[in-house]
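Worksheet for the structure shown next.
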Amino acid sequence: MDLHILDHRLRVTRICKNGLVNFTHPLIKLIFLRKRTRCKFFSLTETPENFTVVLDEEGFKELQPSEHLQVESSVWLPLNVISNGNASNSSQAVGVTKIAKSVIAPLAQQHVSVFMLSTYQTDFILVREKDLAVVIHTLEEEFNIYREVGGEYSAVLSQDVRNGFQKNGKEAPQPTVHPVLIPPNQFCVMSLDPDTLPAIATTLIDALFYSSSPKEGALPSQDLDCIKFFSFSLIDGYVSLVMDTEAQRQFPADLLFTSSSGELWRMVRIGGQPLGFDECGIVAQISQPLADSDISAYYISTFSFDHALVPEEDIVSVTEMLQQHRKEPAC
């Protein structure tokens with residue numbers, strides 16, 4: 001398998017809901033006028049608490065400093081696993097499951113924090129730029145590693161990034177087992193021809209910026225019913241959308257497309273309190289047991305919480321699996 005280090009330097013930001021009005025214009029530009037902004041990597045996800053925006057340096061220039069904008073201090077680099085020339089290497093389990101053992105678990109063992117962004121097309125593993133040497137050294141036995149520069153890929157070896165590398169000789173700490181919330185929403189993972197974006201502009205703007213969410217502004221709790229979750233990504237010309245079935249009904253069915261099975265997904269939301277960015281092993285905590293059971297999963301990290309989407313038919317077994325995981329004593 002090949003591991004590609006993509007030619008994007010990314011920032012992870014949070015926009016407060018009560019400050020969204022200050023950013024609607026630049027966000028609309030980033031969605032609909034990508035040639036003008038020259039932004040090639042853009043992702044916007046709404047959760048009950050806030051909006052998470054992940055974007056490259058060109059896109060980041062569009063966001064003006066504000067008390068309503070919080071920027072994670074690191075620069076992040078997106079990694080992509082390629083097998084047989086494709087970004088998916090399994091006809092069975094898909095999404096984060098296929099890279100759980102080969103990428104996510106080894107990085108967690110080396111204390112490398114990851115930020116996951118699954119899309120309709122592929123999965124992006126974001127790592128801090130300062131951790132790149134450790135990432136390459138950790139994964140080079142499993143992967144042929146290439147770095148993209150100006151659209152061209154060249155092989156990368158650990159000796160090429162030896163400066164600053166410090167081998168981790170310590171055992172990874174036992175990760176905190178975070179509580180999970182499983183809302184009743186049914187979700188869809190879809191795509192769209194970017195040329196048809198203007199045709200859904202009004203609907204998309206309404207869904208992102210004007211729709212109301214239950215108990216908006218309140219932290220989610222176990223008595224919360226459906227949660228608001230809407231994710232839009234425009235990355236290297238490919239559009240990916242994640243929304244619940246209620247939101248999907250607002251869009252013209254003939255423009256959105258999904259997998260041939262038309263599968264519905266349920267969400268596992270990870271974290272009782274905001275997770276932060278420094279803790280390692282959060283993604284592995286969820287993806288590893290799913291991989292062991294060969295259950296597909298999309299995984300979307302946000303500024304405050306993490307979210308795994310699993311097939312609706314597997315939600316009962318996933319719930320039981322995670323409950324058992326919480327009961328198991330720490331090693």
Side-chain angles (χ1 to χ4, degrees), residues 10-24 27 30-31 42-55 63 66 68-72 76 95-96 113-120 123-124 126 178-190 204-234 240-248 250 265-277 279 282-283 285-286 297-310 315:
L10 306 178
R11 304 306 299 267
V12 179
T13 71
R14 181 190 73 172
I15 297 175
C16 300
K17 287 206 166 181
N18 61 4
L20 180 64
V21 65
N22 301 291
F23 295 95
T24 50
L27 290 175
L30 288 161
I31 294 171
F42 172 80
S43 178
L44 171 65
T45 302
E46 180 185 3
T47 63
E49 301 77 28
N50 49 54
F51 292 84
T52 296
V53 184
V54 182
L55 68 180
L63 304 183
S66 166
H68 302 292
L69 177 70
Q70 184 177 352
V71 182
E72 204 281 323
W76 297 76
V96 72
S113 179
V114 301
F115 188 95
M116 283 296 307
L117 179 60
S118 293
T119 68
Y120 179 88
D123 301 281
F124 298 99
L126 276 59
H178 292 282
V180 298
L181 172 70
I182 301 177
N185 311 50
Q186 296 173 310
F187 288 90
C188 309
V189 181
M190 295 167 293
L204 184 58
I205 290 172
D206 181 67
L208 282 170
F209 303 123
Y210 296 104
S211 62
S212 60
S213 59
K215 300 184 181 180
E216 184 164 343
L219 288 174
S221 60
Q222 291 299 325
D223 62 357
L224 183 65
D225 292 326
C226 295
I227 72 166
K228 180 63 188 288
F229 186 93
F230 191 104
S231 185
F232 171 90
S233 298
L234 178 55
S240 178
L241 291 148
V242 179
M243 66 185 82
D244 65 17
T245 51
E246 182 177 351
Q248 182 198 18
Q250 302 173 33
W265 302 79
R266 292 286 300 278
M267 175 182 288
V268 178
R269 180 175 160 97
I270 301 100
Q273 297 294 327
L275 298 172
F277 291 86
E279 183 181 341
I282 298 173
V283 181
Q285 174 191 144
I286 301 296
Y298 291 95
Y299 199 104
I300 299 177
S301 301
T302 62
F303 209 93
S304 301
F305 298 95
D306 281 10
H307 310 81
L309 295 172
V310 302
I315 191 62

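Bear in mind the structure is a predicted one, so any value in this text is a computation, not a measurement. Note: hydrogens, waters and symmetry copies are ignored here, and every other heavy atom, side chains too, is used.
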Do the non-hydrogen side-chain atoms of Q248 and F187 ever get within less than 4.5 Å of each other?
-> no
When V12, L63, V53, T13 are each screened for side-chain contact (heavy atoms from CB on, under 4.5 Å) with V71, the one that passes is T13
Test I286 against I270 for side-chain contact (heavy atoms from CB on, under 4.5 Å), laying out the working first.
-> CA-CA 9 Å; I286 301 296; I270 301 100; 3.6 Å; yes
Exactly one candidate in L241, T45, D244 meets side-chain contact (heavy atoms from CB on, under 4.5 Å) with F230; the answer is L241
Verdict with reasoning, N50 to T47, per side-chain contact (heavy atoms from CB on, under 4.5 Å) | CA-CA 6 Å; N50 49 54; T47 63; 3.7 Å; yes
With Q186, which residues qualify under side-chain hydrogen bond (donor to acceptor under 3.5 Å, both in side chains), at least two apart?
-> E312
Do other residues, nucleotides or ligands put more than 12 heavy atoms under 6.0 Å from Q70 CD?
-> yes
Residues I315, V310; criterion side-chain contact (heavy atoms from CB on, under 4.5 Å); working and verdict = CA-CA 7 Å; I315 191 62; V310 302; 3.8 Å; yes
Over 60° means perpendicular and under 30° means parallel, so classify the ring planes of H307 and F229, tilted if in between.
-> tilted
For the pair S118 and D123, evaluate side-chain hydrogen bond (donor to acceptor under 3.5 Å, both in side chains) and give the outcome as yes or no after the intermediate values.
-> CA-CA 4 Å; S118 293; D123 301 281; 2.5 Å; yes
If we only count heavy atoms from C-beta on, is the F42 to F232 side-chain gap below 4.5 Å?
-> yes
Positive for side-chain contact (heavy atoms from CB on, under 4.5 Å) with R269, one of L181, I182, V180, T302 | L181
At their closest point, which heavy atom of H178 faces which heavy atom of Q285, and how far apart are they?
-> N-OE1, 3.2 Å
Please report the closest heavy-atom contact between L309 and W265, naming both atoms and the distance.
-> O-CE3, 3.4 Å
With the side chain counted from C-beta on, respond yes when F124 and M116 share a heavy-atom pair under 4.5 Å apart, and no when they do not.
-> no
Is any side-chain heavy atom of L44 less than 4.5 Å from a side-chain heavy atom of T52?
-> no
Does K228 come within less than 4.0 Å of E46, counting only side-chain N to carboxylate O?
-> yes
Does the side-chain hydrogen bond (donor to acceptor under 3.5 Å, both in side chains) test come out yes or no for Y299 and D306, once each step is laid out?
-> CA-CA 7 Å; Y299 199 104; D306 281 10; 2.7 Å; yes
Check whether any side-chain heavy atom of K17 lies under 4.5 Å from a side-chain heavy atom of H68, and answer yes or no.
-> no
Roughly how far apart are C16 SG and L69 CG, rounded to 0.5 Å?
-> 8.5 Å
Check whether any side-chain heavy atom of P183 lies under 4.5 Å from a side-chain heavy atom of C226, and answer yes or no.
-> no
Shortest non-hydrogen separation from V283 to V96 and the atoms involved | CG1-CG2, 4.2 Å
Any side-chain heavy-atom pair of F209 and L20 under 4.5 Å = yes
Would you kindly say whether S233 and S240 are connected by a side-chain donor-acceptor distance under 3.5 Å?
-> no
For E72 and F303, the nearest pair of non-hydrogen atoms, with its separation, is N-CE1, 4.0 Å
Can you check whether V242 reaches M190 side chain to side chain, under 4.5 Å on heavy atoms?
-> no
Specify the closest pair of heavy atoms between I31 and L234, including all atoms of both residues, with the distance to one decimal.
-> O-CD2, 3.6 Å
Non-hydrogen atoms of T119 and Y298 that approach each other most closely = O-CE2, 3.4 Å
Hey, could you give me the CE/SG distance between M243 and C188, rounded to the nearest 0.5 Å?
-> 7.5 Å
Go through the steps to decide whether L10 and L126 satisfy the test side-chain contact (heavy atoms from CB on, under 4.5 Å), and finish with yes or no.
-> CA-CA 9 Å; L10 306 178; L126 276 59; 3.8 Å; yes
Any chance you could measure I282, atom CD1, to S301, atom OG, to the nearest 0.5 Å?
-> 8.0 Å
